[in-house]
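Working notes, beginning with the structure itself.
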Protein chains: 2
Amino acid sequence: MTAHAHPELTKNQSLVFGSLSDAGGPLTAYAILDLLREDGFRAPLQVYRALDKLVEYGMVHRLESLNAFVACAHTGCSAHGAAAFAICEQCGDVIEFTPDEALKGLNDWAGAQDFTLARMTIELRGTCGACKSKAV
Amino acid sequence: MTAHAHPELTKNQSLVFGSLSDAGGPLTAYAILDLLREDGFRAPLQVYRALDKLVEYGMVHRLESLNAFVACAHTGCSAHGAAAFAICEQCGDVIEFTPDEALKGLNDWAGAQDFTLARMTIELRGTCGACKSKAV
DNA sequence: GAGTTTTATGTAATAATATAACGCGGTCTC
DNA sequence: GAGACCGCGTTATATTATTACATAAAACTC
Ligand SMILES: [Zn+2]
Ligand SMILES: [Zn+2]
Ligand SMILES: [Zn+2]
Ligand SMILES: [Zn+2]
């Protein structure tokens, strides 16, 4: 049993998670809504409610700097305490990683300040290696 | 001359920066607009355009997880390469700091991945020491 | 200094993102 | 079966941000 164990997904949660997994990258809530209209979705709230739960379960991450959501890159999910994301501004690719050294530094700072951490957002913006290669 | 030298502020930029400085904490663009209506502001774009410049000059930071803006805590500004923010979810206070160890870790990761960094977002959410003391 | 480009501005309209409020139906407990 | 809880559907609304177009001020060129 892990820290992020979660119950079976409901129908809507499965559909939303499926959209994100299939996309293989970030989607906005409204993009998900459009993808799921043929499955009966009609209103943003159906997407947001499912996303809330999926984020709670650790299966989906919210990218604050994009106002978008992405399926967790770790197969079983719940494998990591906190995740960081590198977002390529050329191709839109998102790489999820666990920045151990950074997390240690930030946790140390919080401890020294008597700041109790609930969650962290770490997002890098720039250009990925593949896009730099392609550039003339 | 620093990396973030900037020209004299225009009237609108000064008003927006003044609002943020006086507030001593984060404000949304629309909150700034309401504060500046008596100074003649009528439309969101007047705020957003000023904020764009102030962020470019390094005098204001955008808090992605709040969709809000805050005046840089460093008197002269431009003193830091990248900033991190600890946001207390109880009192709303924001503490800006420079997480050297975390920055080193993230820069190292980017170097190893051949990812060219343009900017970073580091935001901690939780409860500050003062609020924990107050709690019964 | 006239002509040109750049930058800042004003205003209206709209787009994109997110939540509030209400009611309904299922499931679980007692 | 009453009560609590959860997920769901729907409508309406709130919040955040940008597009489009016109005007004005400043900076730069010759
Ligand atoms: Zn993850
Ligand atoms: Zn790329
Ligand atoms: Zn700063
Ligand atoms: Zn606090």
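The basis for the numbers below is simple: all heavy atoms, side chains too, and nothing from hydrogens, waters or symmetry mates. We name chains A, B, ... by the order of the sequence lines, and we start the count at 1 in each one.
Within the model, atoms CZ of A:F17 and CG of A:L9 stand 7.5 Å from one another, a figure rounded to the nearest 0.5 Å. We find the CE-CD distance between A:M59 and A:Q13 to be 8.5 Å, quoted to the nearest 0.5 Å. Taking CG from A:L66 and OG1 from B:T121, the interatomic distance works out to 9.5 Å, rounded to the nearest 0.5 Å. Atoms OG1 and CG, on B:T127 and A:L117 in that order, are 9.5 Å from each other to the nearest 0.5 Å.
Whole-Å rounding puts the B:L33 CG to D:dT15 P distance at 13 Å. Note: CG (A:L36) to P (D:dG9) measures 11 Å, nearest angstrom. Across the protein-nucleic acid pair, A:N12 atom CG and D:dC6 atom C1' stand 13 Å apart, rounded to whole Å. Separating the CZ atom of B:F41 from the P atom of C:dA8 is a distance of 13 Å, rounded to the nearest angstrom. For the pair B:Q13 CD and C:dT7 P, the computed distance is 12 Å after rounding to whole Å.
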Item to check | Per-nucleotide protein contact string for nucleotides 15-22 of chain C (B base, S sugar-phosphate only, - none; heavy atom under 4.0 Å) | outcome: --BBBBB-
If you look only at distance, which donor and acceptor atoms sit under 3.5 Å apart when one is on a side chain in residues 87-101 of chain B and the other is two or more places apart or in another chain?
| residue | atom | partner | partner atom | Å |
| --- | --- | --- | --- | --- |
| B:E89 | OE2 | B:R125 | NE | 3.4 |
| B:E96 | OE1 | B:A73 | N | 2.9 |
| B:E96 | OE2 | B:H61 | NE2 | 3.1 |
| B:E96 | OE2 | B:H74 | ND1 | 3.4 |
| B:E96 | OE2 | B:H80 | NE2 | 3.1 |

Contacts under 3.5 angstrom, residues 24-37 of chain B side chains, donor-acceptor by atom type, not counting sequence neighbours:
| residue | atom | partner | partner atom | Å |
| --- | --- | --- | --- | --- |
| B:T28 | OG1 | B:A31 | N | 3.1 |
| B:D34 | OD1 | B:R37 | NE | 3.2 |

Show me, pair by pair, the donor-acceptor contacts under 3.5 angstrom made by side chains of residues 105-114 of chain B, not counting sequence neighbours?
| residue | atom | partner | partner atom | Å |
| --- | --- | --- | --- | --- |
| B:N107 | ND2 | B:L103 | O | 3.0 |
| B:D108 | OD2 | B:K104 | NZ | 2.7 |
| B:D114 | OD1 | A:K132 | NZ | 2.8 |

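Scored by the salt bridge (Lys or Arg N to Asp or Glu O under 4.0 Å) test, A:R119 finds A:E64 as partners (sequence neighbours excluded). Evaluation of the side chain to side chain donor-acceptor pair (under 3.5 Å) rule for A:D39 yields no partner, not counting sequence neighbours. Applying the salt bridge (Lys or Arg N to Asp or Glu O under 4.0 Å) test to A:E123 and every residue at least two apart in sequence or in another chain returns nothing. Evaluation of the side chain to side chain donor-acceptor pair (under 3.5 Å) rule for B:N67 yields B:R62 as partners, not counting sequence neighbours.
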Name the pairs: protein N/O against N/O of nucleotides 23-27 of chain D, kept only if under 3.5 Å.
none

Identify each atom pair where a protein N or O and an N or O of nucleotides 25-29 of chain C are less than 3.5 Å apart, giving names and distance.
none

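Closest approach of A:F115 and B:C128 over heavy atoms only: CD1-CA, 3.7 Å.
When the local axes at the two ends of the helix from C:dG1-D:dC30 to C:dC30-D:dG1 are compared, using 5 base pairs at each end, they differ in direction by 40° after rounding to 10°.
Looking at A:F69 and A:L20, their side chains come closer than 4.5 Å, going by heavy atoms from C-beta outward.
Comparing A:A43 and A:A50 by the nucleotide of DNA chain D that holds the closest heavy atom to each, the one mapping nearer the 5' end is A:A50.
Of the side-chain N and O atoms in B:Q46, none sit less than 4.0 angstrom from OP1 or OP2 of C:dT9. The side chain of A:K11 contributes no N or O atom lying less than 4.0 Å from OP1 or OP2 of D:dG7.
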